[in-house]
Amino acid sequence: MGAVMGTFSSLQTKQRRPSKDKIEDELEMATVCYRPEGLEQLEAQTNFSKRELQVLYRGFKNECPSGVVNEDTFKQIYSQFFPHGDASMYAHYLFNAFDAAQSGSVKFEDFVAALSILLRGTIHEKLRWTFNLYDLNKDGYINKEEMMDIVKAIYDMMGKYTYPVLKDDAPKQHVDLFFQKMDKNKDGVVTLDEFIDSCQEDDNIMRSLQLFENVM
């Protein structure tokens with residue numbers, strides 16, 4: 001979950017030990033490009049300081065000069081980090097999770113809101129965000145097909161070179177095991193409460209989610 005920023009790792013790279021002059025230049029340009037009252041509102045809504053938001057915004061604009069990211073651009077950026085696999089399907093699901101308003105594009109506000117949760121949110125907030133990622137049709141439940149779609153997309157993205165010992169049915173085995181544990185009342189769907197409780201109660205599930213943080 002926390003490494004969704006792999007998608008825009010260049011934003012983080014730009015913040016690593018830059019010169020004082022470069023920081024000042026970036027902050028000055030960011031302030032010009034983005035209204036101060038907007039940054040103040042985002043500062044109140046996220047776990048980032050105004051200075052962090054200014055640098056993030058400058059990096060976001062460098063990657064996306066139009067100020068918004070459509071799905072095709074998102075897929076192109078994300079696929080660069082997984083050259084041995086097919087990241088297109090997982091990037092599609094991830095884009096929809098970032099695009100909370102389902103507008104077809106991700107604005108800086110969408111991006112930084114998700115990033116705040118994934119990097120600095122509580123465990124509960126991260127799990128709620130992950131639940132929303134798996135809830136593909138946004139009906140408030142996760143069914144086995146949705147979980148299978150996400151897990152298969154993750155395995156496809158990681159590629160054969162990352163998991164040389166896994167069998168073709170590994171995604172199905174993964175889903176069967178986890179869904180059985182999560183669907184506590186055996187009604188065929190997993191609710192948000194069931195998802196959060198299962199993740200917090202079962203160390204194996206939490207370890208698996210932490211393993212997949214590299215792609216979330």
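Along the sequence shown, the residues carry numbers beginning at 1.
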From CG (L133) to CG (L127), nearest 0.5 Å
12.0 Å
For the residue pair P171 and M148, what are the closest heavy atoms and their distance?
CB-CE, 3.9 Å
Given 3.5 Å as the limit, does a donor-acceptor pair link the side chain of D135 with the main chain of D139, or not?
yes
Could you walk me through whether R51 and E43 pass salt bridge (charged side-chain N to carboxylate O under 4.0 Å, His left out), step by step?
CA-CA 9 Å; R51 174 164 297 211; E43 183 182 16; over 6 Å; no
Could you walk me through whether T191 and D193 pass the side-chain hydrogen bond (donor to acceptor under 3.5 Å, both in side chains) test, one step at a time?
CA-CA 5 Å; T191 65; D193 288 340; 5.4 Å; no
Nearest 0.5 Å, what's the OG-CZ distance between S88 and F82?
12.5 Å
Using 0.5 Å steps for rounding, measure from the CG atom of N137 to the CD atom of E146.
4.5 Å
Within the side chain of E71, is there an N or O that forms a donor-acceptor pair under 3.5 Å with the backbone of H92?
no
Side chains of L115 and L56 in contact at under 4.5 Å (non-hydrogen atoms)
yes
Output yes when E63 and R58 qualify as a salt bridge under the 4.0 Å nitrogen-oxygen rule, no when they do not.
no
Cluster question for you: counting only ILVMFWY and a side-chain heavy-atom cut-off of under 4.5 Å, with indirect links fine, are L192 and I142 together?
yes
Check the orientation of Y57 and F60. Use parallel for under 30°, tilted for 30 to 60°, and perpendicular for over 60°.
parallel
Does a side-chain heavy-atom distance below 4.5 Å link E201 with K184?
yes
Run the numbers on M182 and M147 for side chain to side chain contact (heavy atoms under 4.5 Å, CB included), then give the verdict.
CA-CA 11 Å; M182 290 183 174; M147 187 176 289; 3.7 Å; yes
Reported CG-to-CD1 distance for the pair D72 and I77, which is rounded to 0.5 angstrom:
11.0 Å
What pair of heavy atoms forms the shortest contact from G104 to D99, and how long is it?
N-OD2, 2.7 Å
Describe, in one word, how the ring planes of H174 and Y155 are oriented to each other, choosing from parallel (under 30°), tilted (30 to 60°) and perpendicular (over 60°).
perpendicular
Which atoms form the tightest heavy-atom contact between K61 and S66, and what is the distance?
NZ-C, 4.4 Å
Between Q102 (side chain) and N96 (backbone), is there a donor-acceptor pair under 3.5 Å?
yes
How far apart are the C-alpha atoms of D183 and K186, what are their side-chain angles, what is the distance that settles it, and do they pass the salt bridge (charged side-chain N to carboxylate O under 4.0 Å, His left out) test?
CA-CA 5 Å; D183 184 14; K186 308 304 178 187; 5.9 Å; no
Under a 4.5 Å side-chain heavy-atom rule over Ile, Leu, Val, Met, Phe, Trp and Tyr, are V68 and L53 clustered together?
no
Under the salt bridge (charged side-chain N to carboxylate O under 4.0 Å, His left out) rule, collect the residues that match up with D197, sequence neighbours excluded.
none
Report yes if the side chains of M89 and D156 come closer than 4.5 Å at any heavy-atom pair, otherwise no.
no
Under 4.5 Å between side-chain heavy atoms, hopping through other hydrophobics if needed: is there a path connecting F111 to L119?
yes
Salt bridge (charged side-chain N to carboxylate O under 4.0 Å, His left out) with E145: which residues, sequence neighbours excluded?
none
Quick one: does V106's side chain get under 4.5 Å of F95's, heavy atoms only?
yes
So R120 and E125, salt bridge (charged side-chain N to carboxylate O under 4.0 Å, His left out) or not? Walk me through it.
CA-CA 9 Å; R120 297 182 179 175; E125 288 171 336; over 6 Å; no
Evaluate F178 against V151 for side chain to side chain contact (heavy atoms under 4.5 Å, CB included), listing each step before the verdict.
CA-CA 11 Å; F178 277 21; V151 172; over 6 Å; no
So, for Y78 and L94, which heavy atoms are closest and what is the spacing to 0.1 Å?
CE1-CD2, 3.6 Å
Contact summary for A87 and S79, nearest pair of heavy atoms
CB-CA, 4.0 Å
Quick check on the 6.0 Å ring-centre criterion: do F98 and W129 meet it?
yes
In this structure, are over 12 heavy atoms from other groups packed under 6.0 Å from K181 atom NZ?
yes
Any chance CD of Q180 has more than 12 other-residue heavy atoms, nucleotides or ligands included, within less than 6.0 Å?
no
Hey, mind stepping through F48 and L42 against side chain to side chain contact (heavy atoms under 4.5 Å, CB included) and telling me if it holds?
CA-CA 8 Å; F48 296 118; L42 285 176; over 6 Å; no
Is any side-chain heavy atom of H124 closer than 4.5 Å to a side-chain heavy atom of I196?
yes
Where the side chain of S116 meets the backbone of N47, is there a donor-acceptor pair that is under 3.5 Å apart?
yes
Are the side chain of D110 and the backbone of K107 linked by a donor-acceptor contact shorter than 3.5 Å?
yes
Got a second to check how far I123's CD1 is from T130's OG1, nearest 0.5 Å?
9.5 Å
So which heavy atom on V189 is nearest to which on E194, and how close?
O-OE1, 3.3 Å
Joint cluster assignment, V190 & Y134, ILVMFWY side-chain distance < 4.5 Å:
yes
If hydrophobic clusters are built from ILVMFWY residues whose side chains come within less than 4.5 Å, do Y141 and F179 share one?
no
